[in-house]
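Report on one structure; see the data block that follows.
Ligands are counted one by one from 1 in listed order, and the atoms in each one are counted from 1 as well.
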Amino acid sequence: MLKEIIEKVELFFEEGKKEIEGIKDSELLEKWRIKFLGRKSYLNQIFSKISSLTKEEKVICGKKLNEIKQNLIELYERAKFQIEKKEIKYNLFLPGVKVKTGNLHPITKIIDEIVQIFYRMGFAIAEGPEIETDYYNFTALNTPEEHPARDIWDTFYIEKEKNILLRTHTSPVQIRIMEKYTPPLKIIAPGKCFRRDAFDTSHSPMFHQIEGLMVDKDIKFTHLKGVLSYFIYEFFKKEVKIVFAPSYFPFTEPSAEVSISCVICEEKGCSTCGNTGFLEILGCGMVHPNVFKNVGYDPKIYTGFAFGMGVERLAMLKYQIDDIRYFYYNDLRFLEQF
Ligand code: PHE
């Protein structure tokens, strides 16, 4: 009985092997699968006949049947692979393979967006080096050595003796532009800045700023207010309250800090605005006469305003992101959302 069963399944296997050789399309292959591997196949019928064998015979027979089944599955898979390969080649109706493209980093996108708004108001785009000298980062900006305000802009020095450092703000671009051009001028300067800050939810030792500068005869604080108010409205695309509060920067006089009504809680008070209902978004002011003197402009003829804003902070408010570190983790699940 055992010998007979084994002989029969071996013959069955040989038959399957021979039949599959000529098969060239998936329809016939499916018929083959039903015949040789389907629920009602000869093989499965034999499985159910095993019960009449002795215990030892059952073991041997079961093993043999499984082996044959495995071999048939292998034949099937191999033929399937070959047929599909061919059919895919000629099937013009299959959808195309989508090419995975990258996208711009959210910070790059926000910078573009901000720069575009100012560009529409007639500002030209300027750039300056990330590695700066002490002169451009501080001294020319009316912050001489030993000035206490240098403390808030502590940074990384590349060569202390030669006074080469990583810029702490984009304000040195103001100096570089004014040294090169005469008024009237209107520029916007985006770029990276560096400070000796710990990496936490709201700080990063590297971040981005956008600097603005406008110089001409008769530029007044109202021009600054108008330009910034328009920018804020265009950027957040909703009515927000804007507050100019007195502040201090060595390179502007008077100086102001601009806050807006919290875009998250709408002044009700939340963790983002520290329950104050308002968020500080930038520093600004009228260019200090000493700064003009340092670049050879006559402060009796020219006046101007300047401002500097943190890009990450604006992006976090716009997209309601509560941790600055997401921008630098390089996690595609985050980056692909923009
Ligand atoms: N540079 C200042 C800062 O980084 C911001 C600022 C720019 C303030 C221009 C006034 C004018 O904090």
Side-chain angles (χ1 to χ4, degrees), residues 111 114-115 118 123 125-130 132-144 147-156 165-178 185-197 202-216 219-229 231-232 242-260 279-292 294-295 297 299 302-314 324:
I111 289 176
I114 296 171
V115 166
F118 285 101
F123 283 75
I125 300 152
E127 264 181 334
E130 289 163 14
E132 263 300 1
T133 60
D134 178 280
Y135 177 76
Y136 284 101
N137 197 75
F138 294 118
T139 316
L141 287 161
N142 200 31
T143 321
H147 193 293
R150 284 199 180 204
D151 287 354
I152 48 170
W153 288 295
D154 198 4
T155 189
F156 305 95
L165 49 84
L166 296 182
R167 68 175 177 193
T168 58
H169 48 184
T170 42
S171 299
V173 185
Q174 288 185 36
I175 305 297
R176 290 185 175 274
I177 292 295
M178 288 192 284
L185 57 91
K186 252 165 121 181
I187 57 120
I188 193 93
K192 288 186 170 68
C193 304
F194 308 82
R195 287 188 198 171
R196 256 195 79 237
D197 279 333
S202 56
H203 295 87
S204 162
M206 187 284 294
F207 60 98
H208 298 77
Q209 275 191 344
I210 295 186
E211 191 81 10
L213 173 71
M214 179 169 184
V215 185
D216 201 348
I219 296 294
K220 300 184 174 74
F221 200 86
T222 44
H223 293 116
L224 170 64
K225 271 186 116 169
V227 164
L228 289 180
S229 305
F231 160 71
I232 291 166
I242 305 169
V243 177
F244 284 77
S247 184
Y248 175 78
F249 298 102
F251 34 92
T252 46
E253 181 60 35
S255 303
E257 247 158 37
V258 174
S259 299
I260 56 164
L279 298 156
E280 191 204 309
I281 58 163
L282 59 89
C284 61
M286 301 307 289
V287 181
H288 196 291
N290 287 349
V291 175
F292 280 153
N294 290 339
V295 296
Y297 284 8
Y302 295 111
T303 50
F305 65 75
F307 57 84
M309 57 182 100
V311 176
E312 279 80 353
R313 184 155 172 84
L314 285 167
I324 197 172

For ligand 1, which atoms have a heavy atom of [X] less than 4.0 angstrom away?
X: Cys284; value: 8 (C), 10 (C), 11 (C)
X: Arg195; value: 3 (C), 4 (O), 12 (O)
X: Phe307; value: 7 (C), 9 (C), 11 (C)
X: Ala306; value: 9 (C), 11 (C)
X: Gln209; value: 3 (C), 4 (O)

*asked:* Tell me if the aromatic rings of Phe231 and Phe307 count as close, with their centers under 6.0 Å from one another.
replied: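 No - the distance between ring centres of Phe231 and Phe307 does not fall below the 6.0 Å cut-off.
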
Contact with ligand 1 for [X], non-hydrogen, under 4.0 angstrom:
X: Glu211; value: yes
X: Phe251; value: yes
X: Glu257; value: no

*Considering distance alone, does some N or O of His169 sit under 3.5 Å from an N or O of ligand 1?*
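In this structure, His169 places an N or O atom under 3.5 Å from an N or O of ligand 1.
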
*Do Arg150 and Thr139 have side-chain atoms, one donor and one acceptor, less than 3.5 Å apart?*
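Indeed, the side chains of Arg150 and Thr139 share at least one donor-acceptor pair under 3.5 Å.
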
*Close side-chain approach of Pro190 to Ile210, heavy-atom, < 4.5 Å*: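 In short, these two side chains touch, coming nearer than 4.5 Å.
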
*Within-4.5 Å side-chain heavy-atom neighbours: His147 and Pro250*: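 Touching, per the 4.5 Å side-chain cut-off.
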
_Angle between ring planes, Phe244 versus Phe221, binned at 30° and 60°: parallel, tilted or perpendicular?_
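Because their plane-to-plane angle is over 60°, the rings of Phe244 and Phe221 count as perpendicular.
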
*Are more than 12 heavy atoms from other residues, nucleotides or ligands located less than 6.0 Å from atom NZ of Lys225?*
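Incorrect, the count does not exceed 12.
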
*Looking at Asp154 and Thr168, what are the two nearest heavy atoms and their distance?*
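Closest approach of Asp154 to Thr168, heavy atoms only: O-CG2, 4.3 Å.
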
_Part of Ser171 within contact of ligand 1 (heavy atoms, under 4.0 Å)_ =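 Near ligand 1, Ser171 shows its side chain, while the N, CA, C and O stay back.
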
*For Val291 and Met178, run side-chain contact (heavy atoms from CB on, under 4.5 Å): C-alpha distance rounded to whole Å, both residues' side-chain angles, the deciding distance at 0.1 Å, then the answer.*
CA-CA 10 Å; Val291 175; Met178 288 192 284; 3.9 Å; yes

*Can you pull out the closest protein heavy atom to atom 7 (C) of ligand 1? Residue, atom name and distance to 0.1 Å, please.*
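Ranking protein heavy atoms by distance from atom 7 (C) of ligand 1, first comes Gly308 N, 3.3 Å.
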
